[in-house]
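Proteins get letters first, then strands, A, B, ... in listed order; numbering begins at 1 in each.
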2 protein chains.
Amino acid sequence: MDEQSGGAPATPTIADVARLAGVSKGAVSLALNDKPGVSEETRQRIREAAETLNWRPSIHARAMLRSRAFAVGLVLARDPRHLALDPFFAGFLGGVQTVLADSNSVLVLQVVGQGEEAEAEGYRRLARERRIDGAFLLDVRTDDRRPALLRELGLAAVAVGPDGADYDGTPFVGVRDGDGIRDAVEHLAGLGHRRIAFVEGAPAYLHSASRLAAWRDAMRAHGLPAGPHAAGHFTGEGGAAATRLLLERRPTAIVYASDLMAIAGMSVAREAGLDVPADLSLTGFDDNPEAAHLHPPLTTVRQDPVAVGAAAAELLMARIDGRRVTPVSPSPRLIVRGSTAAPPAAR
Amino acid sequence: MDEQSGGAPATPTIADVARLAGVSKGAVSLALNDKPGVSEETRQRIREAAETLNWRPSIHARAMLRSRAFAVGLVLARDPRHLALDPFFAGFLGGVQTVLADSNSVLVLQVVGQGEEAEAEGYRRLARERRIDGAFLLDVRTDDRRPALLRELGLAAVAVGPDGADYDGTPFVGVRDGDGIRDAVEHLAGLGHRRIAFVEGAPAYLHSASRLAAWRDAMRAHGLPAGPHAAGHFTGEGGAAATRLLLERRPTAIVYASDLMAIAGMSVAREAGLDVPADLSLTGFDDNPEAAHLHPPLTTVRQDPVAVGAAAAELLMARIDGRRVTPVSPSPRLIVRGSTAAPPAAR
DNA sequence: ACACGGTACTAAATGCGTTTAGCAGCGTAC
DNA sequence: GTACGCTGCTAAACGCATTTAGTACCGTGT
């Protein structure tokens with residue numbers, strides 16, 4: 001069997017448009033970019049020709065002279081299975097896209113193995129090949145070397161992470177994780193809980209550290225002693241192990257830094273013979289699609305990842321174009337469901 | 001405060017390398033692409049110069065002459081929240097990346113609003129701007145118009161979906177979803193179940209239809225009457241509603257086309273006073289990170305999305321380069337956990 | 001008649017890596 | 001000495017959209 005004939009219709013170039021309209025290439029460029037120097041009559045004729053041929057300028061040719069790639073990058077150094085469980089990421093991408101669509105840029109995504117060096121190499125490659133004009137920084141760590149790297153590579157950058165953290169000079173869109181944790185603690189304290197434990201994520205990440213700090217602050221603000229806490233590393237296993245550890249300290253409530261850990265914790269509690277929420281209240285973070293459909297449904301913190309993505313993209317495009325915009329910090333919202341209730345009456 | 005001076009270090013071009021090595025641009029190109037016409041001595045000198053300057057050819061310049069973009073595209077017309085819950089997708093991206101890294105191509109990701117037209121426009125834009133050489137097709141629907149569109153756009157394409165389905169001539173990497181469902185039914189039948197219901201996803205998608213068909217076939221193969229089934233649309237709400245509907249028919253087991261639906265179903269069953277697995281066995285599909293940490297942990301089907309992604313990328317790159325490879329169809333695996341058991345003794 | 005301005009366009013340069021044609025220099029054959 | 005081939009390199013063209021410099025043509029003023 002032979003290849004289907006007809007095959008790829010050669011994509012038209014500006015020369016084809018010029019020929020069809022009976023003008024020079026220069027005139028086409030001027031006409032379609034709304035620049036002066038072409039009569040309205042000719043401009044219209046050129047527009048029609050371009051329309052007929054369905055012509056769009058090749059970004060490669062454009063990129064050559066403007067030294068702009070018309071693309072931005074995102075490098076993810078995550079274990080794919082870890083990436084999977086993050087509804088934030090998906091929403092973020094959606095938000096980014098709404099902004100990119102208007103600015104004629106696209107998103108280049110690179111998933112690399114875990115490890116700082118692999119991640120750095122990902123950005124380096126994109127930069128040296130002139131594939132991107134700027135990049136997003138997600139999952140920022142304490143002492144993250146990427147801000148410096150991107151500066152060195154001459155790339156515009158925008159970090160996404162907790163409000164008020166240190167991004168080494170890189171502009172950032174602040175996510176107010178802390179507010180969500182604070183709301184959760186307030187909610188529990190309001191129900192009468194006093195021994196509220198905390199399961200943090202992976203201490204190396206800023207968004208993990210900031211959630212832990214928020215829990216501490218909120219406890220203090222309510223005059224409660226900061227109870228026990230343990231790291232769950234944002235995984236199911238970690239969340240379960242941390243919960244087993246914390247249950248020995250007899251808390252009446254546990255605040256988790258992620259839904260997955262909370263879900264694992266819920267199972268551990270039930271195995272230990274505890275009823276949720278009668279004996280133990282639990283709160284998660286992220287509002288995974290599963291959260292609302294558990295038994296009992298999980299009280300959790302919902303972020304607005306689409307808004308965060310849009311804000312980050314807005315800021316990044318502004319940096320690239322040399323414009324200035326004031327970044328926003330979307331706030332998360334506590335979704336109260338059935339996994340939280342008043343603590344067992346003091347016995 | 002002024003901009004930090006020093007600023008962007010101008011990215012070196014091939015001319016810089018040539019100057020440093022004391023040769024012409026042509027010689028550099030020949031040397032670094034391992035083509036004859038340069039002495040080994042000079043070649044080495046050029047290599048060192050390129051290394052020193054940390055030079056990499058600009059893809060834009062390359063793209064101009066080869067009329068290759070050195071990028072492939074993926075357009076997703078999904079609700080961001082729906083995307084979030086799909087561990088398949090994340091693994092897929094990871095697998096794609098392993099292959100792309102070797103072939104000097106990158107992945108351009110576009111998330112568009114739902115709707116066929118938005119999706120088509122996404123591919124059209126990427127193609128006309130010469131941004132991509134090929135594209136992946138995910139979430140293929142019955143009567144999907146994208147294979148025809150991509151052919152018309154002159155793009156190489158690879159579809160990902162159930163083995164043996166009709167992709168309108170587009171080469172595909174077959175995922176053997178059906179095998180997973182069959183294994184689940186066999187597992188349940190082996191435990192003694194006879195009334196096994198099924199919650200399908202969204203009928204418009206091939207991978208949904210194929211899972212439904214697999215359930216029917218497996219039931220027949222075991223001499224069982226195809227029990228009731230209902231659509232859950234791959235959402236939590238849908239899974240819960242479908243479960244309520246099916247429970248009226250008193251099944252002893254329900255097979256779900258996704259974990260999320262199974263999780264929602266488990267809550268519904270428990271609210272109805274049923275014990276899982278004593279009164280009702282449940283199986284999911286996907287092996288979400290949560291699945292292992294539920295109470296009881298969910299018996300489910302685990303795919304190997306990384307292998308699928310790698311296979312799809314391999315096939316796509318081969319199409320682009322005009323090579324031929326024989327595509328593989330990775331098989332899923334049933335993970336037996338605590339949500340399945342023998343049916344309640346025939347009363 | 002010629003200078004001056006403005007308009008509407010064209011020709012040509014530009015960016016950057018690859019490729020092809022061309023050329024210098026050397027050795028060999030006759 | 002010329003013809004021929006080979007090696008090792010250079011110069012130049014190419015692809016494509018944008019931009020700048022340049023030109024033709026018209027009308028106006030003197």
Side-chain angles (χ1 to χ4, degrees), chain A residues 8 10-47 49-50 53-71 104-105 125 127-131 133 154, chain B residues 8 10-47 49-50 53-71 104-105 125 127-131 133 154:
Chain A
T11 357
T13 74
I14 198 172
D16 298 320
V17 179
R19 205 171 312 120
L20 182 59
V23 294
S24 69
K25 296 188 302 168
V28 175
S29 182
L30 296 175
L32 296 178
N33 289 308
D34 291 320
K35 303 214 169 164
V38 201
S39 68
E40 196 45 51
E41 219 179 307
T42 316
R43 197 181 293 268
Q44 196 51 40
R45 194 153 35 86
I46 292 172
R47 257 199 272 269
L53 296 175
N54 203 3
W55 175 80
R56 287 279 230 123
S58 147
I59 14 93
H60 300 299
R62 285 193 139 183
M64 294 278 291
L65 17 134
R66 298 269 195 86
S67 51
R68 279 269 315 255
F70 299 100
N104 201 34
S105 286
R125 178 183 164 206
R128 294 197 310 195
E129 294 182 348
R130 270 76 117 209
R131 286 198 184 260
D133 303 313
Chain B
T11 355
T13 74
I14 198 172
D16 298 321
V17 179
R19 205 171 312 122
L20 182 58
V23 293
S24 68
K25 296 189 303 170
V28 175
S29 182
L30 296 175
L32 296 179
N33 290 310
D34 291 321
K35 303 216 168 162
V38 203
S39 68
E40 196 45 51
E41 218 180 307
T42 316
R43 197 181 293 267
Q44 196 50 41
R45 194 151 36 85
I46 292 173
R47 257 199 271 269
L53 296 175
N54 203 2
W55 176 80
R56 287 281 228 122
S58 147
I59 12 93
H60 301 299
R62 285 193 140 181
M64 294 278 291
L65 18 134
R66 298 270 194 83
S67 51
R68 278 269 315 255
F70 299 101
N104 202 33
S105 286
R125 178 183 164 205
R128 293 197 310 195
E129 293 182 348
R130 268 72 117 215
R131 285 197 186 262
D133 304 312

Below 4.0 Å: OP1/OP2 of dC16(D) and any side-chain N or O of Trp55(A): no
Length of the CD-P vector between Glu129(A) and dT18(C), whole Å: 11 Å
Euclidean distance, atom CE of residue Met64(B) to atom P of dC16(D) [Å, nearest integer]: 6 Å
Partner set under side chain to side chain contact (heavy atoms under 4.5 Å, CB included) for Ser105(B), not counting sequence neighbours: Arg68(B), Phe70(B), Leu100(B), Ser103(B), Met317(B)
Axis bend over the full length of the helix from dA1(C)-dT30(D) to dC30(C)-dG1(D), computed from five pairs that close each end, to 10 degrees: 80°
Gap between atoms CZ and C1', on Arg56(A) and dC16(D) respectively (whole Å): 16 Å
Whole angstrom value for the distance that separates C1' of dT18(C) from CD1 of Ile14(B): 8 Å
Sugar-phosphate, base or nothing in reach of Ser24(B), heavy atoms under 4.0 Å: base
Distance in angstrom units between Leu53(A) CG and dC16(D) C1', rounded: 15 Å
OP1 or OP2 of dT19(C) under 4.0 Å from side-chain N/O of Arg62(B): no
What protein N or O atoms touch nucleotides 19-21 of chain D N or O atoms at under 3.5 angstrom, if any, and at what distances?
residue : atom : partner  : partner atom : Å
dT19(D) : OP2  : Lys35(A) : NZ           : 2.6

Sub-4.5 Å side-chain heavy-atom contact between Arg43(B) and Val23(B): no
Contact under 4.0 Å: Thr42(B) side-chain N or O vs dG8(D) OP1/OP2: no
Interatomic distance, Thr13(B) atom OG1 to Leu53(B) atom CG [nearest 0.5 angstrom]: 9.0 Å
Pairs involving residues 20-37 of chain A, ordered by first then second residue, that meet salt bridge (charged side-chain N to carboxylate O under 4.0 Å, His left out) (sequence neighbours left out): Asp34(A)-Arg47(A)
Euclidean distance, atom NE2 of residue His60(A) to atom P of dT18(C) [Å, nearest integer]: 14 Å
Separation of Trp55(A) CH2 from Ile14(A) CD1 (nearest 0.5 Å): 4.0 Å
Pairwise side-chain contact, Val28(A) with Leu32(A), heavy-atom cut-off 4.5 Å (strictly under): yes
Whole-Å distance separating the CD1 atom of Ile46(A) from the P atom of dT18(D): 12 Å
dG15(D) OP1/OP2 closer than 4.0 Å to side-chain N/O of Thr13(A): no
Interatomic distance, Thr42(B) atom OG1 to Leu30(B) atom CG [nearest 0.5 angstrom]: 11.0 Å
Ser24(A): side chain to side chain contact (heavy atoms under 4.5 Å, CB included) partners, not counting sequence neighbours: Ala27(A)
Candidate nucleotides dG17(C), dT18(D), dT10(D), ranked by approach to the side chain of Val23(B) - the nearest: dT10(D)
Phosphate OP1/OP2 of dC9(C) contacted by Ser39(A) side-chain N/O (<4.0 Å): yes
Spacing between Arg68(A) atom CZ and dT14(C) atom P, to the nearest angstrom: 23 Å
Toward the 5' end of DNA chain D, by each residue's nearest nucleotide, Arg43(B) or Ala61(B): Arg43(B)
Which pairs of donor and acceptor atoms, one on a side chain in residues 56-66 of chain A, lie under 3.5 Å apart (sequence neighbours left out)?
residue  : atom : partner   : partner atom : Å
Arg56(A) : NH1  : Glu129(B) : OE2          : 2.9
Ser58(A) : OG   : His60(A)  : N            : 3.1
Ser58(A) : OG   : Ala61(A)  : N            : 3.3
His60(A) : ND1  : His60(B)  : ND1          : 3.1
His60(A) : NE2  : Arg130(B) : O            : 2.9

Side-chain N,O (Arg130(B)) to OP1/OP2 (dA17(D)) below 4.0 Å: yes
Backbone of Ser29(A) reached by a side-chain donor or acceptor of Asn33(A) within 3.5 Å: yes
